[in-house]
Participant: 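Mind having a look at this structure? Questions to follow.
Residue numbering restarts at 1 for every chain, and letters A, B, ... go by the order of the sequence lines. When reading the values below, keep in mind they use all heavy atoms of this one structure, side chains included, and skip hydrogens, waters and symmetry mates. All of these numbers come straight from a predicted model, not from anything done at the bench.
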Amino acid sequence: MPTQYAPAEVEGKLYERWTSAGLFEADPERDPDAPAYTIVIPPPNVTGSLHMGHALDHSIQDTLVRRRRMQGYEALWLPGMDHAGIATQNVVERELKKEGLTRHDLGREAFQERVWQWKGESGGRILGQMKRLGDSVDWSRERFTMDEGLSRAVLTIFKRLYDDGLIYRAERIINWCPRCLTALSDIEVEHADREGELVSIRYTDDVVVATTRAETMLGDTAVAVHPSDERYAHLVGTEIELPLTGRRIPVVADEHVDPEFGTGAVKVTPAHDPNDFEIGQRHGLPSLTVLDEHAKVTAEGPFQGMDRYEARAAVVEALREQGRIVKEIRPYEHSVGHCQRCQTVVEPRVSLQWFVKVAPLAKAAGDAVREGRVQIQPPELSSRYFAWVDNMHDWCISRQLWWGHRIPVWYGPGGEQRCFGPGEEVPEGWTQDTDVLDTWFSSALWPFSTLGWPDDTPDLRRFYPTSVLVTGYDILFFWVARMMMFGLYAMDGVEPFKVIALHGMVRDQHGKKMSKSFGNVVDPLDWIERYGADATRFTLLRGANPGGDVPVAEEWAQGSRNFCNKLWNATRFALMNGAHVKGELPAELSTTDSWILSRLQTVAAEVDAHIEGFDFAKACEALYHFAWDEFCDWYLELSKVPLAEGGATAEATRRVLGEVLDTVLRLLHPMTPFVTEELWTALTGRETIVRASWPAADTARADAAAEAVVASLQRLVTEVRRFRSDQGLKSGQRVTAALELDGSPLAAYEEQIRSLLKLTAPGESFTATASLPVEGVVVRLDTAGAIDVAAERARLEKDLAAARKEVAQTSGKLANADFVAKAPEAVINKNRARLEAAQADITRLEAQLAALPAG
RNA sequence: GGGCGUAUAGCUCAGCGGUAGAGCACUCGCCUUACAAGCGAGGAGUCACUGGUUCGAACCCAGUUACGCCCACCA
């Protein structure tokens with residue numbers, strides 16, 4: 001074995017071995033008694049490639065699934081991709097543009113073929129990247145939201161919702177992207193504060209209105225004031241002339257108007273503003289569309305054909321010429337909606353669209369969490385979930401795109417409209433709606449459509465409901481809430497998952513969001529290549545505090561790489577010394593053996609509990625410390641003496657070494673699958689760790705006495721090392737020493753202590769001696785006259801002062817009647833122990849000071 | 001505008017009633033036959049501020065300040 005672990009040389013080979021052996025494949029019939037464990041992957045966009053967010057999300061899911069698989073569950077992690085309507089259509093349209101073509105040049109069918117072709121060639125790059133990460137997904141069950149089966153699920157549920165009156169078509173104001181040329185749902189619009197201009201316009205001598213979108217005045221069909229606003233009471237019910245158009249529009253009274261804001265009079269443009277649309281509905285106002293789908297002015301007149309921004313300036317200029325602009329135009333920061341996919345400013349627009357009536361579905365989705373049938377992890381995020389599901393607007397599901405599931409509604413003679421389910425025959429002469437469904441419509445079915453629904457399949461029976469949904473809190477609304485709605489609806493009230501485990505966003509080392517413009521984006525593949533998949537995963541998991549964002553930095557990845565290397569070298573040492581896992585543990589164990597086995601079982605219990613509780617940071621932390629600080633730094637070092645002794649002692653040590661490594665590797669395997677597989681198979685000679693058993697904590701191995709002995713041994717060794725370091729003694733320099741260990745439980749460890757401290761046997765003569773009473777034993781070191789007495793005295797005096805302060809504090813506390821009367825017994829005892837320890841320290845330190853040679 | 005959250009060592013974060021912890025960074029000493037991707041030793045924090053509750057507060061309560069996030073139909 002080389003002295004350094006080279007991930008690149010083992011990862012590809014191991015992944016290939018795992019998949020060809022079918023180790024990740026679930027089988028609904030394998031063992032009917034085994035509980036099922038299911039995770040469906042949040043399907044990445046077919047346009048996507050692996051970023052740190054995915055790497056985190058997948059590391060978590062893989063950890064959960066691998067642990068369950070080791071525990072004997074029938075574990076299924078189902079992979080797949082989302083067709084990502086707008087995103088994908090945009091990509092392919094961009095490609096076409098390079099060839100000087102638009103989708104209209106191809107026509108609908110040819111364009112769709114083109115997208116499928118693109119999907120075959122470059123879509124799904126992310127699936128290959130998932131293999132690099134080590135995802136233990138079942139590739140035999142890979143799904144795509146546009147698959148035949150999943151499409152049938154979409155049509156089936158559409159038909160059911162339609163028949164239940166939960167899907168309707170209506171002319172409503174919706175968010176419109178003038179670049180993508182489609183409607184968007186509320187959550188596909190991102191709001192950001194932008195500097196705009198608030199223009200005050202004098203409609204008449206009495207009526208001044210303000211707007212940031214002056215061009216929309218061309219579509220005004222009223223001015224609204226608050227019903228109780230006395231300034232305007234005389235105008236309500238009258239008509240005024242709308243400048244630039246000559247149209248006469250009414251003044252209406254509406255509660256929505258805030259009399260405190262501006263002049264208290266509002267222009268009303270029902271066709272291009274959501275509020276105004278509602279005012280229009282309430283007062284029966286006409287809705288006058290003045291902007292087309294490209295956001296160009298359609299209203300006849302001088303502005304016709306202008307882009308909205310061009311028109312905005314032109315309208316203001318025209319009004320200015322008429323002297324209708326009040327005062328100066330002032331800068332105004334306000335929130336502006338942008339298309340999530342292309343960042344174009346969204347234009348509210350009235351149009352005929354399809355909607356899901358969400359009220360009953362959202363109610364059920366909320367209740368499932370309220371009643372505890374679905375648990376949100378961490379629970380603090382539940383309030384956000386409720387805020388969303390309890391206040392949801394109807395969901396606009398139609399998109400004016402070509403890539404997606406086409407709406408299964410046909411229009412027949414006489415304007416009749418009918419929904420045809422899968423397999424139903426559409427009569428001659430009927431034409432299908434040209435819109436497709438929002439991409440989230442099909443992803444909402446993912447937890448059951450992937451398992452075969454609407455058919456009653458063995459997979460669906462065995463693996464639904466899924467066990468846990470793992471995703472970032474950013475798509476709680478986009479996706480999670482909608483899966484809840486559709487899952488409960490389609491599966492007759494059975495929730496799609498039992499736990500929603502939300503994680504944070506990956507950020508840079510200063511907690512900043514990763515973005516191309518900041519230049520702080522880290523590519524997980526880059527880390528995988530330089531540090532290995534395990535180090536990449538471990539870094540992410542180690543930062544994954546429940547609910548918190550996950551900062552990552554280059555140095556932390558190096559630290560994880562170093563940790564993998566540490567495991568590598570520990571195993572190398574163990575194998576070089578004949579460590580093994582054959583047979584039972586020896587009946588006769590040394591104290592250090594008992595200690596490490598005791599600690600091991602505690603750590604196994606902790607790790608298990610932390611993963612169970614989705615606290616991956618703590619699981620990693622516990623293993624990191626145990627493996628490095630306790631096992632490598634102490635047990636391994638202490639084992640060198642018994643190993644050298646040979647015989648039964650050495651044999652017992654080899655067995656314990658093998659035992660601890662075996663267990664640690666299995667505990668780490670869900671987080672760092674590759675290095676653990678490589679080392680574990682070498683150590684045990686077995687086929688694979690993937691289906692090895694998950695370690696259970698053996699409480700019978702708990703041994704507080706052994707832990708106490710090792711703790712004092714560690715204190716002794718540390719104290720002497722401290723002395724040597726303070727004294728500037730060469731670390732390789734052998735020092736003669738007498739250890740007076742008689743009667744101490746450490747007596748059995750004299751050899752190890754000498755070895756750790758590089759002490760030789762007591763010499764013939766002591767020239768200058770430092771005496772270190774530690775833990776009731778005395779160490780006399782012959783430092784060949786090299787003692788810096790002043791430095792040692794300063795050091796001891798500092799420690800002495802600290803000990804005296806401690807005594808003062810604790811004894812003061814114990815003298816406080818209130819404290820003694822009210823504090824719990826355990827706390828009082830702790831203080832007593834602390835006092836005793838400090839008093840012992842004082843005795844020891846005073847003795848050490850007294851023993852110092854005159855200097 | 002509403003809601004939620006966070007302020008702890010240089011950085012990123014744990015701790016959430018009983019005398020402050022980790023990783024990285026830093027200082028000093030070491031190529032000690034598992035590992036220099038390493039080993040040993042060490043320094044470093046009035047736990048944002050102000051009050052309150054308590055025998056005892058980083059932790060609970062109130063307020064202040066500063067950040068962050070989510071939602072929203074702020075013309």
Participant: Please report, rounded to the nearest Å, how far the P atom of A37(B) is from the OH atom of Y531(A).
Facilitator: 12 Å
Participant: If you compare every side-chain N and O of Y385(A) against the phosphate oxygens of C71(B) (OP1, OP2), does one of them come in below 4.0 Å?
Facilitator: no
Participant: NA contact type, Q509(A), heavy-atom cut-off 4.0 Å: base, sugar-phosphate, or nothing?
Facilitator: sugar-phosphate
Participant: How would you label the contact of C564(A) with the nucleic acid (heavy atoms, under 4.0 Å): base, sugar-phosphate, or nothing?
Facilitator: nothing
Participant: Side chain of R542(A) only, heavy atoms from C-beta on: which candidate in A75(B), G23(B), A34(B) is closest?
Facilitator: G23(B)
Participant: Of the options A72(B), G43(B), C11(B), whose atoms approach the side-chain atoms of K798(A) most closely?
Facilitator: G43(B)
Participant: Just wondering, do I596(A) and V656(A) contact through their side chains at under 4.5 Å, heavy atoms?
Facilitator: yes
Participant: CG of D549(A) versus C1' of C70(B): gap in Å, rounded?
Facilitator: 12 Å
Participant: Side chain of R384(A) only, please: which of G23(B), C69(B), A37(B) is the nearest?
Facilitator: C69(B)
Participant: What is the separation between atom CG on N391(A) and atom P on C70(B), rounded to the nearest whole Å?
Facilitator: 18 Å
Participant: Between C16(B) and A75(B), how far apart are the C1' atoms? Round to whole Å, please.
Facilitator: 46 Å
Participant: Over all strands shown, is R530(A) touching base, sugar-phosphate only, or nothing at heavy-atom distances under 4.0 angstrom?
Facilitator: nothing
Participant: Both distances below 3.5 Å, Watson-Crick or wobble geometry, any strand: find the nucleotide opposite C28(B).
Facilitator: G40(B)
Participant: Dump the intermediate steps for side-chain hydrogen bond (donor to acceptor under 3.5 Å, both in side chains) on N831(A) and T810(A), then the final yes or no.
Facilitator: CA-CA 6 Å; N831(A) 275 274; T810(A) 41; 5.7 Å; no
Participant: For R834(A), report the nucleic acid contact type (base, sugar-phosphate, nothing); a contact means any heavy atom under 4.0 Å.
Facilitator: base
Participant: Partner lookup for U33(B), please. Criteria are Watson-Crick or G-U wobble with both distances under 3.5 angstrom; report none if nothing qualifies.
Facilitator: none
Participant: Verify the contact: side-chain N or O of W628(A) to OP1 or OP2 of C39(B), cut-off strictly under 4.0 Å; return yes or no.
Facilitator: yes
Participant: With a 4.0 Å cutoff (strictly under), does any side-chain N or O of K513(A) reach OP1 or OP2 of G68(B)?
Facilitator: no
Participant: Report the nucleotide, chosen from A22(B), A72(B), A34(B), that has the shortest atom-to-atom distance to any side-chain atom of W388(A).
Facilitator: A72(B)
Participant: Please name the nucleotide paired to G68(B) by Watson-Crick or G-U wobble geometry with both distances under 3.5 Å, or report none.
Facilitator: C4(B)
Participant: Between atom CZ in F563(A) and atom P in C35(B), what is the gap in whole Å?
Facilitator: 18 Å
Participant: Check whether NZ of the Lys or CZ of the Arg R721(A) lies under 6.0 Å from the centre of the six-membered ring of W634(A) and within 45 degrees of that ring's axis.
Facilitator: yes
Participant: Is R721(A) near enough to G29(B) that one of its side-chain N or O atoms lies under 4.0 angstrom from OP1 or OP2?
Facilitator: no
Participant: Quick one: do R172(A) and E278(A) make a salt bridge, cutoff under 4.0 Å?
Facilitator: no
Participant: Would you indicate what H510(A) reaches in the nucleic acid, counting non-hydrogen atoms under 4.0 angstrom: base, sugar-phosphate, or nothing?
Facilitator: sugar-phosphate
Participant: The side chain of R722(A) is closest to which nucleotide in this list: G38(B), G42(B), G40(B)?
Facilitator: G42(B)
Participant: If you check the R572(A) side chain, which of C35(B), A72(B), C13(B) turns out closest?
Facilitator: C35(B)
Participant: Look at all strands and tell whether N565(A) reaches a base, only sugar-phosphate, or nothing, counting heavy atoms closer than 4.0 Å.
Facilitator: base
Participant: Counting only Watson-Crick pairs (N1-N3 plus N6-O4 or O6-N4) and G-U wobbles (N1-O2, O6-N3), all under 3.5 Å, who is the partner of A14(B)?
Facilitator: none
Participant: Identify which nucleotide among C55(B), G40(B), C35(B) has an atom closest to any side-chain atom of T3(A), counting heavy atoms from C-beta outward.
Facilitator: C35(B)
Participant: Is N562(A) close enough to G38(B) that one of its side-chain N or O atoms is under 4.0 Å from OP1 or OP2 there?
Facilitator: yes
Participant: Within 45° of the six-membered ring axis of Y624(A) and under 6.0 Å from that ring's centre, is NZ or CZ of R542(A) located there?
Facilitator: yes
Participant: Counting heavy atoms from C-beta on, name the nucleotide in A75(B), A34(B), G18(B) closest to the side chain of K566(A).
Facilitator: A34(B)
Participant: Is K512(A) touching bases, backbone alone, or none of the nucleic acid, heavy atoms closer than 4.0 Å?
Facilitator: nothing
Participant: Before accepting this row, confirm whether a basic side-chain N of the pair R722(A)/E719(A) lies closer than 4.0 Å to the acidic partner's carboxylate O.
Facilitator: yes
Participant: Rounded to the nearest Å, what distance is computed from the CG atom of residue N831(A) to the P atom of nucleotide G18(B)?
Facilitator: 12 Å
Participant: Can you tell me the pairing partner of C49(B) across any strand shown, Watson-Crick or G-U wobble, with both distances under 3.5 angstrom?
Facilitator: G63(B)
Participant: Rounded to whole Å, please give me the gap between CD1 in I475(A) and C1' in C69(B).
Facilitator: 17 Å
Participant: Name the pairing partner of U54(B), where a pair is Watson-Crick or G-U wobble with both distances under 3.5 Å, or state none.
Facilitator: none
Participant: Among A14(B), A75(B), C70(B), find the nucleotide with the atom closest to the side chain of N545(A).
Facilitator: A14(B)
Participant: Between D508(A) and D818(A), name the one whose nearest nucleotide on RNA chain B is closer to the 5' end.
Facilitator: D508(A)
Participant: Looking at A75(B), which nucleotide sits across from it as a Watson-Crick or G-U wobble partner, both distances under 3.5 angstrom, or is there none?
Facilitator: none
Participant: Mapping S383(A) and N816(A) to their closest nucleotides on RNA chain B, which lands nearer the 5' end?
Facilitator: S383(A)
Participant: Determine the contact category for Y5(A): base if any of its heavy atoms lies under 4.0 Å from a base atom, sugar-phosphate if only primed atoms, P, OP1 or OP2 are that close, otherwise nothing.
Facilitator: base
Participant: Figure out the CD1/P separation between I376(A) and C4(B), and round it to whole Å.
Facilitator: 16 Å
Participant: What integer distance in Å separates E555(A):CD from C13(B):P?
Facilitator: 14 Å
Participant: Looking at K618(A), I'd like to know whether one of its side-chain N or O atoms comes within less than 4.0 Å of OP1 or OP2 on G21(B).
Facilitator: no
Participant: F573(A) has a side chain; which of A34(B), C24(B), C35(B) sits nearest to it?
Facilitator: A34(B)
